[in-house]
> 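After the structure tokens below, expect a handful of questions from me.
All of these numbers come straight from a predicted model, not from anything done at the bench.
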Number of protein chains: 2
Amino acid sequence: MKRNTWQRNAVREALDGTDRFVSAQSLHSTLRAKGSSIGLATVYRALADLAIEGEADSLQSDQGESLYRACTRGQHHHHLICRNCGRAVEIEATEVEAWAHRVAAENGFVAPSHVVDVFGVCGECASDGSAPSLE
Amino acid sequence: MKRNTWQRNAVREALDGTDRFVSAQSLHSTLRAKGSSIGLATVYRALADLAIEGEADSLQSDQGESLYRACTRGQHHHHLICRNCGRAVEIEATEVEAWAHRVAAENGFVAPSHVVDVFGVCGECASDGSAPSLE
DNA sequence: AAGTTATTGATAACGAATCTCATTACCAGC
DNA sequence: GCTGGTAATGAGATTCGTTATCAATAACTT
Ligand SMILES: [Mn+2]
Ligand SMILES: [Mn+2]
Ligand SMILES: [Zn+2]
Ligand SMILES: [Zn+2]
């Protein structure tokens, strides 16, 4: 049976406290910096559990690192993510869902799923100059 | 100046010979199995170069492995990929491009880009029973 | 042909993620 | 409240994809 530990609560609260996608490692060091003694393996386990339970969304960064964000929405959705700070907005994509199904069917593929993420530089990062210029 | 080596050609030809997404490691062992003496690091470098030059497309597998496929199209496109065998079809997504731009603009994000991949089980995998049942 | 230098490849190094396992502590049952 | 069973923890080891190192090689220029 699943037990309630302060470690899992700490991870959940840390996730709930931000609208950004964060890695297990950065979340761990954030918690440590605040005085927590939580272990890195525990953070990995808690995030994986939260993702399974639907309390967290996850995606892979360009460098292949898994990033997590609190999920505030029950139904299927996607994200608009700031490349600079990780801030993310949950977005609907009704027309994209339909498109994905149609494309799969047209090519004889069954059991379709899809990965759809939109990236950009958020308003705050664009105005404060913290975003690296793209060229 | 860029030099022409049989190693780079071997990687390019191996990629051109299939319509599947493959990893650097599997491509390396395929070449080795055919008698080539090419090194693993060279395969990694060749694939990275091909991706930069636009001759290969790349994506990350669920397990964070980088996969590559020959790119046969000049303009921007996406892929429909078989979860079982890696076979992929290049697809247009005009309406998705427009949607991505609109979503970014509506939320004050600039310099938008996007990751859009559709997965499924291809017709051959679905009929020959090689695809693992999903539950 | 000779010289320059980009490329190669065996190996070491790196890093994210997972595994091991002895220890801890949650909690159901009394 | 105790207590026993056992899920959870965490330090460290391990795995595995990828990149860095660097001496040797080979592609191109002249
Ligand atoms: Mn969707
Ligand atoms: Mn597109
Ligand atoms: Zn931002
Ligand atoms: Zn297939």
> Any side-chain heavy-atom pair from Ile38(A) and Val11(A) closer than 4.5 angstrom?
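Ile38(A) reaches Val11(A) side chain to side chain.
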
> What pairs of residues pass the side-chain hydrogen bond (donor to acceptor under 3.5 Å, both in side chains) test when at least one of them lies in residues 30-41 of chain B, not counting sequence neighbours?
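Non-adjacent pairs meeting side-chain hydrogen bond (donor to acceptor under 3.5 Å, both in side chains): His28(B)-Arg32(B).
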
> For residues 99-112 of chain B, dump all side-chain donor-acceptor pairs below 3.5 Å to protein atoms at least two apart in sequence or in another chain.
| residue | atom | partner | partner atom | Å |
| --- | --- | --- | --- | --- |
| His101(B) | ND1 | Glu97(B) | O | 3.1 |
| Arg102(B) | NH2 | Glu95(A) | OE2 | 2.9 |

> All N/O contacts under 3.5 Å from nucleotides 16-19 of chain C to the protein, with atom names and distances to one decimal?
| residue | atom | partner | partner atom | Å |
| --- | --- | --- | --- | --- |
| dA16(C) | OP2 | Gln25(A) | NE2 | 3.2 |
| dA16(C) | O5' | Gln25(A) | NE2 | 3.4 |
| dA17(C) | OP1 | Ser66(A) | N | 2.7 |
| dA17(C) | OP1 | Ser66(A) | OG | 3.4 |
| dA17(C) | OP2 | Tyr44(A) | OH | 2.8 |

> Whole Å only: how far is the CG atom of Leu27(B) from the C1' atom of dG17(D)?
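The answer, rounded to whole Å, is 15 Å.
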
> Side chains of Arg20(B) and Cys82(B), heavy atoms from C-beta outward: is any pair under 4.5 Å?
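Arg20(B) vs Cys82(B): side chains apart.
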
> Just the rounded figure in Å: distance from C1' of dT9(D) to CG of Leu31(A).
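Leu31(A) atom CG is separated from dT9(D) atom C1' by 15 Å.
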
> Between Asp49(B) (CG) and dT18(D) (P), how many Å, whole number?
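Those two atoms, CG and P, are 15 Å apart.
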
> Check the distance between dG17(D)'s C1' and Tyr68(B)'s OH and give it to me in whole angstrom.
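Tyr68(B) atom OH is separated from dG17(D) atom C1' by 11 Å.
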
> Output one letter per nucleotide in nucleotides 25-30 of chain D: B when a protein non-hydrogen atom lies under 4.0 Å from the base, S when only the sugar-phosphate is that close, - when neither is.
-BBS--

> Side-chain contact, heavy-atom cut-off 4.5 Å: Glu13(B) with Arg8(B)?
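Result no, sub-4.5 Å side-chain heavy-atom pair not found.
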
> Output every pair passing ring pair (Phe, Tyr, Trp, His ring centres under 6.0 Å) with a member in residues 49-93 of chain B, not counting sequence neighbours, ordered by first then second residue.
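Non-adjacent pairs meeting ring pair (Phe, Tyr, Trp, His ring centres under 6.0 Å): Phe21(B)-His79(B), His76(B)-His78(B), His76(B)-His114(B), His77(B)-His79(B), His78(B)-His114(B).
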
> Check whether any side-chain heavy atom of Glu124(B) sits under 4.5 Å from a side-chain heavy atom of Cys85(B), and report yes or no.
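Side chain of Glu124(B) against side chain of Cys85(B), heavy atoms only: no contact under 4.5 Å found.
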
> Is the backbone of Asp62(A) close enough, under 3.5 Å, to the side chain of Gln60(B) for a donor and an acceptor to pair up by distance?
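Yes, Gln60(B) side chain to Asp62(A) backbone: donor-acceptor pair under 3.5 Å.
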
> Kindly calculate the angle separating the two end axes of the helix from dA1(C)-dT30(D) to dC30(C)-dG1(D), each obtained from five base pairs, and round it to 10 degrees.
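End axes: 40° apart.
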
> Is a side-chain N or O of Arg69(B) found less than 3.5 angstrom from the main chain of Leu15(B), in a donor-acceptor match?
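Checked: no pair found.
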
> Would you find a donor on one side and an acceptor on the other, under 3.5 Å apart, between the side chain of Ser29(B) and the backbone of Gln25(B)?
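Side chain of Ser29(B) to backbone of Gln25(B): a pair is present.
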
